[in-house]
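Values in this document were obtained by computation on a predicted structure and should not be read as measured data. The sequence lines fix the lettering, A, B, ..., with proteins before strands; numbering per chain opens at 1.
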Amino acid sequence: MTEVIKLEEVHKVYHTGEVDVHAVCGVSLQIMPGEFVAIMGASGSGKSTMMNVIGCLDRPTEGRYFLDGVDVSHLDRDELAAIRNKKLGFVFQGFNLLSRTSALENVELPMLYTHDHITSIQQRDLALHALEVVGLSDRADHYPNQLSGGQQQRVAIARALVNSPAVLLADEPTGNLDTRTSVEVMGVFQKLNDEGITIVMVTHELDIASYTKRNIIMRDGVVVNDVLVQKRLVAEVELRKLQQAHQAVKLSS
Amino acid sequence: MRIAATLRLALRALRRNKLRSTLTALGIIIGVSAVIAMVGIGTGAKSQVEAQIASLGQNVILVFSGNFSSSGARSGWGGAGTMTVDDADAIAREVPGVVGVSPEVRDRQQVLANGLNWNTQILGEGPDYLDIRDWPLADGAMFTEQDVRSTAKVCIVGKTIVAQLFPNEDPVGQIIRIRNIPFKILGVLTPKGLSVMNTDQDDVMIVPYTSEMKRVSKRTNLSMITIQAASPAVSDSLQRGVSDLLRQRHRLGQGRDDDFTIRGQQEIADAATATTRVMTMLLASIACVSLVVGGIGIMNIMLVSVTERTREIGIRMAVGAHGRDILLQFLIEAITLSSLGGVIGILLGVGAAKLLSAVAGWPTLISVSSITVAFLFSAAVGVFFGFYPARKASNLDPIEALRYE
């Protein structure tokens, strides 16, 4: 089995004014298909830059990056856009759904930019299927402002899934959500991972990271720790615990 | 991305900001409707003048007695009184390419018939006059060469005279009096409408020029000579031939001004349309300025829109939109805006032109080509002024755009 993500000595330097900022200094790592990885670190650790490079939004200054066996380190803007469209799915902290556009149309968005020919009926079916996977098929016609934060994030996950990407990338996906909703969203990720989807997530919350299978900890642009999660949390169990705790509070008061 | 999907996207984006879209399109609407209305009025006036010119007859050349301006003083047509019947005969005889010649004397007289009276234009003409002017009779017959030689008291009348003096009866065969001299009506002319000079061409009474000169006005010179050339091709050489002949006959030496003026049909047409053309050009160019201003309005709003929707652009790019997808999206939005403005402008312009012709009585003519040009021009305004904002949008960095608040 080949790595779905393979970084070789990746550097990223930003030239801002007179000072060069060395955001990532020589990171090498491999992620295999089916993994569920959390990249962790404090702000300024270089994890966001790593995410941009892995997400093909940015090119490494030095080193090579293979995504699904293809060297994408030297592709131009349009080639990167095509790679993002076919091989990557993005989930953002701020959901980043198009406002005044229905959930279904938001999910259809990546297919608008796919250059294979699919009919609009096929697009609709694929989008509805993706919404079903995240458990929102009954909300297809709702607009983002009619959905809760957790539901919006699930629409965003459906959008990320719709083109069957090689990797799902999530940038602080629970950053804007309360504890309970965070656990729900992590449950969706765990379910998808169980079905074999590779997920890479950036987070600074340790408890969120313990829902994943592997934690990569970064500091000052280098990987300082790369460990498999020992006591992995299961979203379903945690959700039940939360419910019980909630009821206990109700009973006691 | 497919064009149909992009178009839907553009329409939705424009619908979201209805008031803003309407105000932005207003510049184009005003510009296009002004162009359509102005060009409509201009073409209408031009076609009216052309119809009047055509009513002169085919390949007609007019020779007026007296120059329009000699030594700074401008005499009216026929003012100098230097042309004679012999001049007309000489032209018919000696200048090659002449098909018909009609000497003309003009006069205004009070005419009487049926106990009614009317002041009208008396034209003394040759028998070929109606053929030259391509002016058929509605009823009766034209006087003949014989009538001209015998200074016969016969005439042909226009429709206005019939309406004024013979409201209820057939005028042919009736008697009409000029200065108490009875003239027998031989025929009635078909109506011809207004002339180039906006005079009623039907308010006329045509008599043999000999009769007019000897019996009515007692004058010996002609007001003008109407000549018909064989074809438009010989028109120039014919004008030169007439000029040479008349200068020779009038004994005008080198360096002396002509005492006559020759006008071809085209020159008359040009003179008559010059004013309207200048006015139309002027108004249309003001309208074009408004189109440009409208275009700048579109550019302005598109720039605002690109800034407002930076995040949307970032999302689209993140999920795989190429630069040209974004470019196309905003360009089509701008073109849709300007084309819709164009369509509304065309409708308003046509409406305004129709209203003007109904209320003010101006002739207007809206051609398909002016509508097509106006529409294409408004679309082109969208392309031209939409390109820069669209390009700006397509060049955004997806990381920056996603972070934009």
Side-chain angles (χ1 to χ4, degrees), chain A residues 12 14 23 48-49 51-53 55-59 75-102 105-120 123 144 155-156 158-163 165 169 171, chain B residues 1-21 301 304-333 336-337 390-405:
Chain A
K12 183 70 200 179
Y14 291 109
S48 290
T49 308
M51 198 66 178
N52 288 339
V53 170
C56 290
L57 288 164
D58 213 345
R59 273 172 301 204
L75 298 182
D76 67 22
R77 268 173 73 100
D78 282 351
E79 287 166 332
L80 285 178
I83 291 277
R84 287 197 297 271
N85 184 256
K86 286 212 185 79
K87 306 221 165 183
L88 296 167
F90 286 94
V91 178
F92 302 95
Q93 177 176 2
F95 320 135
N96 277 344
L97 298 176
L98 296 184
S99 56
R100 286 186 277 188
T101 306
S102 72
E105 284 173 303
N106 263 295
V107 177
E108 281 178 343
L109 189 64
M111 290 185 285
L112 284 182
Y113 301 107
T114 306
H115 288 267
D116 318 327
H117 276 286
I118 28 175
T119 64
S120 47
Q123 283 188 10
V155 172
R159 181 180 66 191
L161 286 174
V162 79
N163 265 356
L169 291 174
D171 189 358
Chain B
M1 198 161 159
R2 276 154 253 186
I3 296 288
T6 318
L7 199 65
R8 257 205 315 278
L9 208 65
L11 284 174
R12 183 189 293 178
L14 294 177
R15 261 207 309 273
R16 255 175 219 170
N17 291 305
K18 278 198 200 73
L19 182 62
R20 186 206 271 188
S21 304
I301 279 305
V304 171
S305 177
V306 167
T307 310
E308 275 179 355
R309 285 151 71 190
T310 300
R311 217 177 156 83
E312 175 193 326
I313 295 164
I315 297 168
R316 289 179 185 277
M317 284 180 161
V319 302
H322 289 200
R324 65 170 176 277
D325 293 326
I326 303 294
L327 182 90
L328 210 60
Q329 180 188 342
F330 282 89
L331 200 56
I332 285 187
E333 205 172 307
T336 308
L337 195 58
R391 173 134 199 95
K392 205 177 151 195
S394 72
N395 279 339
L396 285 174
D397 175 28
I399 301 172
E400 295 292 325
L402 279 170
R403 233 180 262 152
Y404 187 85
E405 291 299 328

For chain B, the option from A/L57, A/D78, A/D58 that forms the most heavy-atom pairs under 4.5 Å: A/D78
What closest approach, in Å, do A/A81 and B/A321 show between heavy atoms, and which atom pair accounts for it? CB-O, 3.7 Å
Reported CZ-to-CG distance for the pair B/R311 and A/N96, which is rounded to 0.5 angstrom: 4.0 Å
Would you confirm whether B/R16, through its side chain, and A/R100, through its main-chain N or O, come within 3.5 Å as a donor-acceptor pair? yes
With a 4.5 Å limit on heavy-atom distance, are the side chains of B/I315 and A/R159 in contact? yes
Where does A/L97 contact chain B at under 4.5 Å (heavy atoms): side chain, backbone, both or neither? backbone
Can you confirm whether more than 12 heavy atoms, excluding those of A/R59, are under 6.0 Å from its CZ atom? yes
Which heavy-atom pair separates B/P398 from A/R84 by the least distance, and what is that distance? CG-NH2, 4.4 Å
Run the numbers on A/T101 and B/R12 for side-chain contact (heavy atoms from CB on, under 4.5 Å), then give the verdict. CA-CA 10 Å; A/T101 306; B/R12 183 189 293 178; 3.8 Å; yes
Ion pair B/R8/A/E105, N-O distance below 4.0 Å: no
Heavy-atom closest pair (B/A5 atom, A/L112 atom, distance to 0.1 Å) is CB-CD2, 4.2 Å
Can you name the nearest heavy-atom pair linking B/A318 to A/F90, along with the distance? O-CE1, 3.4 Å
For residues B/M317 and A/R77, determine if any side-chain heavy atom of one lies less than 4.5 Å from a side-chain heavy atom of the other. yes
